Number of protein chains: 2
Amino acid sequence: MPRVVDHESRRRRIAAAVFGLIAEGGLEAATLREAADRAGVSMGAVQRCFATKEQLMLFVHDYLNAQVTARVQTRIDAAPDPGDTVTMLAETLAGILPLDEDSRAESRVWLAFAAQAAVDPALGELQRRSYRELAALFALLVRAAAESGRFRAGLDPDVVAADLVTMTDGLSVQLLVGLHTPDSARVVLDARLDALRA
Amino acid sequence: MPRVVDHESRRRRIAAAVFGLIAEGGLEAATLREAADRAGVSMGAVQRCFATKEQLMLFVHDYLNAQVTARVQTRIDAAPDPGDTVTMLAETLAGILPLDEDSRAESRVWLAFAAQAAVDPALGELQRRSYRELAALFALLVRAAAESGRFRAGLDPDVVAADLVTMTDGLSVQLLVGLHTPDSARVVLDARLDALRA
DNA sequence: TCCTTTCCGATGCGCTTGTATCGAAACCTA
DNA sequence: TAGGTTTCGATACAAGCGCATCGGAAAGGA
């Protein structure tokens, strides 16, 4: 059993390379050769880690989700009150939005996948699942905040969660295209949260 | 001056073909050969009408805007009270959203261009201009509705217009991905309009 | 009628793509 | 140390791409 290498870390390295390529040039810029170059490996290595390009792209989609999740967790941990449900909700929302260069790159990749998901059933199903998880998280936090009295009573957590997902998508597009600035987006976000508070 | 043909109508025919290709398979499916086939012309004709593929894509972007505008105008004309500002606003919003198969196709193409615009400055500028026009129209209608007493006084038309643009983008994405249904999207839209009424 | 001018359809070219292939190198076991 | 197994790097290949080329067809003026 010779020449054993850490496949998983190499897969992540390649995924990170593809992520960068998509962030800079869209899905069309994601070619196996460029990915191999950027990851510092040969094409043969890429082909050994991923049987087809489609599998690679699905892995990159998961990699994107992991990146966003990690960013959000970091934000929450750095907040003054990491255990507070409203803090968690606010930091999650702010962490998803493209408010700095890193999150802009993530959002560009997200948008590229969203466009592809609209014409690719398999990717669409994957994305639908991701959205459902996000909405469930939002609903969980909203319900907890309402029960603890931090949010108004009588809110429908699922409806509010869906609204928040819709808002983040809209704001992300507007931030990327440049019609919203990070400052103006924060105003919208804060206003939305204020409207929920008791 | 022989062999004179109607260039403009041929350009629209080709644009319509590319539009269909993008709606079905994303930007990657938009190739000159497929476009020529679908439009029922030869590649030579396509090359005569558009010097490069980039010019063709920019034309398709304008074609998309024209399609949406025409749909919205049709909706307004068919409404019971075409002259009412609130009616115009409501029909414009509903016309933009992917609520039926035709508008879903338009929204898929819009999303494909939005993703490309995030990594292509020229297309980004074009899209920014389109968004500004839309926001200006919304602001105009909101201001008129507020002055005529149909909407609450004290609304900032520009802020409301930006919010409406953001909402339509978010709803469009959620409708395309399948987390919102046409019915649930209409509920959100109606609620947003109700919140503006006096 | 013929000629000039415009147009178009077909074909070719250079390039890039994803994937397949394969000899060589690397490593663990015996 | 020898052997066998796994991995990798380079290369080959077919397909598809945008774009360039060009001979002939079409149409109005002389």
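Throughout, a chain's letter reflects where its sequence line sits, starting with A, and its residues are numbered from 1. No experiment lies behind these values; they were computed from the predicted model shown.
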Treat primed atoms plus P, OP1 and OP2 as sugar-phosphate and everything else as base, then score nucleotides 10-17 of chain D 5' to 3': B for base contact with protein heavy atoms under 4.0 Å, S for sugar-phosphate contact only, - for none.
-> -------B
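B:S103 and B:D100 form a side-chain donor-acceptor contact under 3.5 Å, judged by distance and modelled atom types alone. B:N65 and B:S130 form a side-chain donor-acceptor contact under 3.5 Å, judged by distance and modelled atom types alone.
Atom P of nucleotide C:dT6 and atom NE2 of B:H7 are separated by 12 Å, given to the nearest angstrom. Taking atom CD1 on B:I14 and atom C1' on C:dC7, their separation rounds to 13 Å, with Å as the unit. Atom CG of B:L21 is separated from atom C1' of D:dG18 by 15 Å (rounded to the nearest Å). Following rounding to the nearest Å, B:R10 (CZ) and C:dC7 (C1') show an atom-to-atom distance of 9 Å.
In this structure, the side chain of B:R128 engages the main chain of A:V177 through a donor-acceptor pair within 3.5 Å. In terms of modelled atom types and a separation under 3.5 Å, the side chain of A:R108 and the main chain of A:L176 share no donor-acceptor contact. A distance-only check finds a donor-acceptor pair linking the side chain of A:T52 to the backbone of A:Q55 [under 3.5 Å].
Sorted by first and then second residue, the side-chain hydrogen bond (donor to acceptor under 3.5 Å, both in side chains) pairs involving residues 132-144 of chain B (not counting sequence neighbours) form an empty list.
Side-chain contact between B:R197 and B:V86 is present, with heavy atoms from C-beta onward closer than 4.5 Å.
Atoms CE and CZ, from B:M57 and B:F50 in turn, are 11.0 Å apart once rounded to the nearest 0.5 Å.
Axis deviation across the helix from C:dT1-D:dA30 to C:dA30-D:dT1 amounts to 10°, comparing end segments of five pairs, rounded to 10 degrees.
Residue B:R48 places no side-chain N or O under 4.0 Å from the OP1 or OP2 atom of C:dT6.
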